[in-house]
Every structure is written in structure tokens, then in C-alpha cells.
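Shown next, in C-alpha cells, is the structure this report addresses.
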Amino acid sequence: MRASNLYAPTLRNTPAEAEIVSHQLMYRAGFIRKSAGGMYTFLPLAWRTIRKIEQIIREEMDAAGGQEIMMPILQPSELWEESGRWSVYGAEMMRIKDRHGRDFCLGPTHEEMMTALVRDEVRSYKQLPLLLYQIQDKFRDERRPRFGLMRSREFIMQDLYSFDKDVEAMNVSYKKMYDAYARIFTRCGLAFRPVEADNGAIGGGHSHEFTVLAENGESSIAVCTKCDYAASDEKAELAVIKAQEEEQLPLEKVATPNTSTIEALVDFLKVPVEKTIKAVAYQTDAGELVLAFVRGDHEVNEIKVLNAIEGAQELAMAEEALITAAGGCAGFMSPIGIKAGTHIVVDATVMEMYNAVAGANEKDAHYKNVNPKRDFTNEGLIVTDIRLVKEGDPCPHCGAPLTMTRGIEAGQVFTLGTKYSEAMGAKFLDENGKEHPLYMGCYGIGVGRTMAAAIEQNNDEDGIVWPRAIAPFEVLVVAVNAKKDDQLAYAEEIYGECQKAGFDTLLDDRKERAGVKFKDADLIGYPLRITIGPKAVEEGDIEVKIRKTGEVHHFTRENYLEEVKKLLSTL
Ligand code: ATP
Ligand code: MG
């Protein structure tokens, strides 16, 4: 490929809407252009990278026993009615009607379609395990599409679905996919962590996210400083902290004017923050009140609260009227005196406190000497871990301190159990002719998000620094002055030799100034640049620059191919 033919319009300036570096660089380096909010065209350079990531995915999926298929993107509502998700998927689902008024959606994911496919064909345990995957566009009408390919409304996803005969076999498939995903991100040249994750709306079993480490990532993850435990902040389990035992003093109501925040309360009563109890009020999608309580210096993990409430799909901040009707008072809340029928979820650490301070459920008043085990007598009280992890919390596996880092969720794997197969009647006959529902797993990688994550992780002030495996081209040959026939001819020869040696090479034959071409080379981020100027033509001096380190090597015409090969293998 010659740069004179390449459609890669580079820009000096960054469009205002591009907030993060990967988005800015993809714009400036001529990789993507926007068509509408959260929808992008991949230009040739981007498409080459996408194709390379997809190829790595395909090789690993096939090696793990996956078979590639292609399903329609349009999905009939009937299948989603069967699984029960048509009504609960919400505004993120892009819904359309055909000319007959029938409902369809643009697939946000394909559990229903896959389950429907196999239920009609898979009859016997002999057909299992079955692993089917596709790489195609998915659609999600995200509340806030942003960060370019990171969170778009139309995006490319690889999604695999596994079907097995029992839990053990399902876990074997899960492990296979987990390992394959780890190989994919390793082969892409990315620093990542598989982290224990919440299952979210998809339901059932266990899950890991593959998080590409990056400072600006949207995901916050807790990583043990000693063992290999890592979990998303939503998921990270926390052990109960037991306070020093004290004699339980009698409950006492005290006036605490203008202390609706923990800071104000601590200041006013001069108590340590670890002696206070904090409340957060939510309401479920069914309009039921949920009161969550954690220690004053802790934060509530909303996902854990949601998981604790059976049947709830979503939580929102509670309306004040709902709180008042339950006998509560915003800013001054405790479980004491809250009406029956309210969901009350107390963090397990709170139950181990002695003589603490908590709201009195009236304005400007708190209770002192609250002893939760004695005083929280509400019927149906739920005690569980609802705390949000923070830096320094103990690891649930080894007790060493956890450290918080950030990253980008590039892939996620789930076991689904029989959630979909039971709802949709996907059954098979075992060795004894007995009928069982299929055990499923699902696995997804965001291909565009992986590309964006690679840039987030690998860039400098001059532009992108591609890992070799997913660079649009591995080697760039620049004819310094392409108006000079001898330089251009020499560069053409080198280009031909590089191609023959199997390097994925681009020749910059544009009749631009050298400075412009070098700037573009750094911006686009080719791993190696071979510079062909007068010294090459006259002395056979081949200059090779490594994008990542800025190192410059000088080789001879005789040895440069060997040396380039060696250098590439390190990038
Ligand atoms: P998120 O929590 O970031 O919204 P998700 O957990 O809903 O993502 P999954 O259903 O697990 O996403 O989808 C599998 C993969 O698809 C994700 O790991 C991510 O890489 C990618 N993906 C999901 N939503 C988007 C999006 N809006 N734009 C680009 N990629 C996405
Ligand atoms: Mg996910």
C-alpha cells in the first residue's frame, strides 16, 4: 500500500466533542469519522486494526472449539417476550416496527436468538458441548454515548454462546473461554487484568471482566497487593469489620441541628466518623422504598444493594414523599421506627458497631448509643455486605491491602446456567433418555472498544504507539524527498523487500515535506519507520526508528531485514 493512495485524512486540531485521548487521536490520525451521535465510520487505517483484532479473536475462538456463524441483527420481539426481557431491557434497546406493525429490535446481544436456534436442533447430549460465535454490529441506545468507540450506539462485538449438559461441563466451557480471552488480549499486546465481576441484568452464575489497564478508564477495580485477587469495584467482596466490644449504653435522642451530612454530624457531636451510621434511600423500579445503611466513613455499593433486593431490576434515588410515608426523614435516618414493608439493608459491619450515632427519623435529631444488634429489630431486615471497596481495604482472600486502579472493560464472560434454556424450552436428552435444560454461558468482546483501549494505554504527546500485532501497518518506509527519483526508487526497492519478508508495510511516497511525513508517521503510530534519504541512496545506510522508544538504528542493506525482523518481534 502506498500513502499516496491511502484515505487517511489527518487533522491538526481535535474536534471539541473528543474528550479522551483515544478519541482525539483516532480523529486526528484519520482513523474514524462520526456519522451521528455514537455512530462512526471506520476509515482504512482503523479497519485494518479492527480486522487484525478480529483475526486474533477468530483464531483463538476456533482453537477453543468455537464455530463462527452469522445471525440477523434484527430480532423479533416474540423471542424476547419468551425470555421475559422485552419489557425489562428498557430504553437501551433500539426498537422498530416492520410494515405490518410487528415489533423488532436491533440486537443489543443474542442470548434469545442463540437459544432459539439450538432448541430446535440440539436433542441429545452427544451434540454437546456446542460453542457458537459471531462478530457483528450490536446496537445499544446508550444513555450517554461518549468517548468515541468506547461507548457508542452501534459497535462491533464478538459474542460466543456455550451450551453444555451440566454445571461441570458449563464450567469447563467457561474456563476455556476465560483462557482464550486472556490469550486474545495478550496477543493484542495489552496490559490487562481479568477481574471478578457482577453479573448485571444478564443473570445467573459467575462472571469476569477483562479490563485493559488505563488511567482514564471508566471501570474502577480493586487489585490485591499480594495475591492474584482482582475484582471490579461493584463486585469486590469485603469482610466484616468488628468494632471493639463495649458495654451497650441506653439509647438517647439528642438534638443535632443542621447535621444532615456525616461531616456536619461528626463536627457537631465530636464523635469519630467510625462511630456513625450513614443512610442512603433508593426506590426500586416497582416504586418500593429501599433504605441502605453503612458506617459513616464507608460508601454504599448500589449494585450490592440491588442484588440484595429480590425481584428489583433497577434502583433510583428515592423521592422524599416515599421516605416520609415510611416514617423516615431524609438526612436523619436509621432503621429504628421505620414502618414494616420497607426494604432495609444493613451492611454487615454496621451490625458489629457499639454505641454508635444514627438518625432519629426526625429533622435535626439523632440517636446516640445505637447498638444495631439490640436496636435494629425491623422485620425482614437484610444484613449483608453492601459496602463499596476503597483503597487499603483488606483482600477477601488473603487479607493484604487492596489497591484501586482504573481500566476499560474490553470483554466479559458469564455463566448463565439454565436461565434462558428454561424460559425458552431448550432441552436435550441425557445418556439415560432423561430430559434436561441446556447449561449456557455467554462471552463478549467489544472490538472497537479494544482498539480504543489499546490507544488509551499506548500513546504519547506525538500520537499513537501501536502494539505491533494490531498496528494498521507494522513498518512504514518513508522516502524523505519523493520528488527525487533516486530516493523514491530506492524506497520502492526497500518497500518491496519488506513486503517480501512478510512485514505488513506502507510506503510513504507522498510528495510532501519530510517534516509533515514524520509527524504523520508518529501520529498514526507505525511501530517501525525506515527512513530513505540521500545517505541510503549514496552509502546504503538504512535508518530504522522505533516509535515506542524513539531509538534510531542504522543498518546496512545486507543486514537490515534480519534486524527489522528482530526488532518487530520485541514490539
Ligand atoms: P458497559 O458496562 O461498559 O456498558 P456491558 O457490560 O453492558 O458494557 P457487555 O454486555 O458485557 O457490555 O458487552 C460485551 C462487551 O461489548 C463489553 O465488554 C464491551 O467491550 C463492549 N461494549 C458494550 N457496550 C458497548 C458500547 N456502548 N460501545 C462499545 N463497546 C461496547
Ligand atoms: Mg460487561
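Whatever order the structure lists ligands and atoms in, that order sets their numbers, starting from 1.
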* Asked: At under 4.0 Å between heavy atoms, which part of S152 makes contact with ligand 1: side chain, backbone, both or neither?
  -> both

* Asked: Hey, what do you get for CE (M39) to CG (L149), rounding to the nearest 0.5 Å?
  -> 13.0 Å

* **Residues, nucleotides or ligands: over 12 heavy atoms within 6.0 Å of R33 CZ** => yes

* To do: Please work out which of the three classes, parallel, tilted or perpendicular, describes the rings of H23 and Y27, given edges at 30° and 60°.
  => tilted

* What are the atoms of ligand 1, with element, lying closer than 4.0 Å to any heavy atom of G411? -> 18 (O)

* To do: May I ask you to establish whether R140 and F155 are in a cation-pi arrangement, using a distance under 6.0 Å from NZ or CZ to the six-membered ring centre and at most 45° from the ring axis?
  => no

* To do: Tell me, please: is G448 in heavy-atom contact with ligand 1, that is, under 4.0 Å?
  => no

* Any N/O of G446 closer than 3.5 Å to an N/O of ligand 1? -> yes

* **Degrees at the Mg ion (ligand 2) between the OE1 atom of Q412 and the OE2 atom of E409, nearest 10°** => 110°

* Run the contact test for T450 against ligand 1 with a 4.0 Å cut-off on heavy atoms, strictly below, and give the result. => no

* Asked: Out of curiosity, D385 CG to T349 OG1, how far, rounded to the nearest 0.5 Å?
  -> 7.5 Å

* To do: Look at ligand 1 and say whether M150 reaches it with a heavy atom at a distance under 4.0 Å.
  => yes

* Structure fact -> With H206 as partner, the option from Y178, F414, Y174 fulfilling ring-ring contact (aromatic ring centres under 6.0 Å, His included) is Y174

* With heavy atoms only and a cut-off of under 4.0 Å, state how E142 meets ligand 1: side chain, backbone, both or neither. => side chain

* **Close N or O approach (A410, ligand 1; < 3.5 Å)** => yes

* Asked: In a check of side chain to side chain contact (heavy atoms under 4.5 Å, CB included) between M114 and each of Y161, Y420, Y133, which one passes?
  -> Y161

* **Candidate with minimal heavy-atom separation from atom 10 (O) of ligand 1, of Q412, R140, M157** => R140

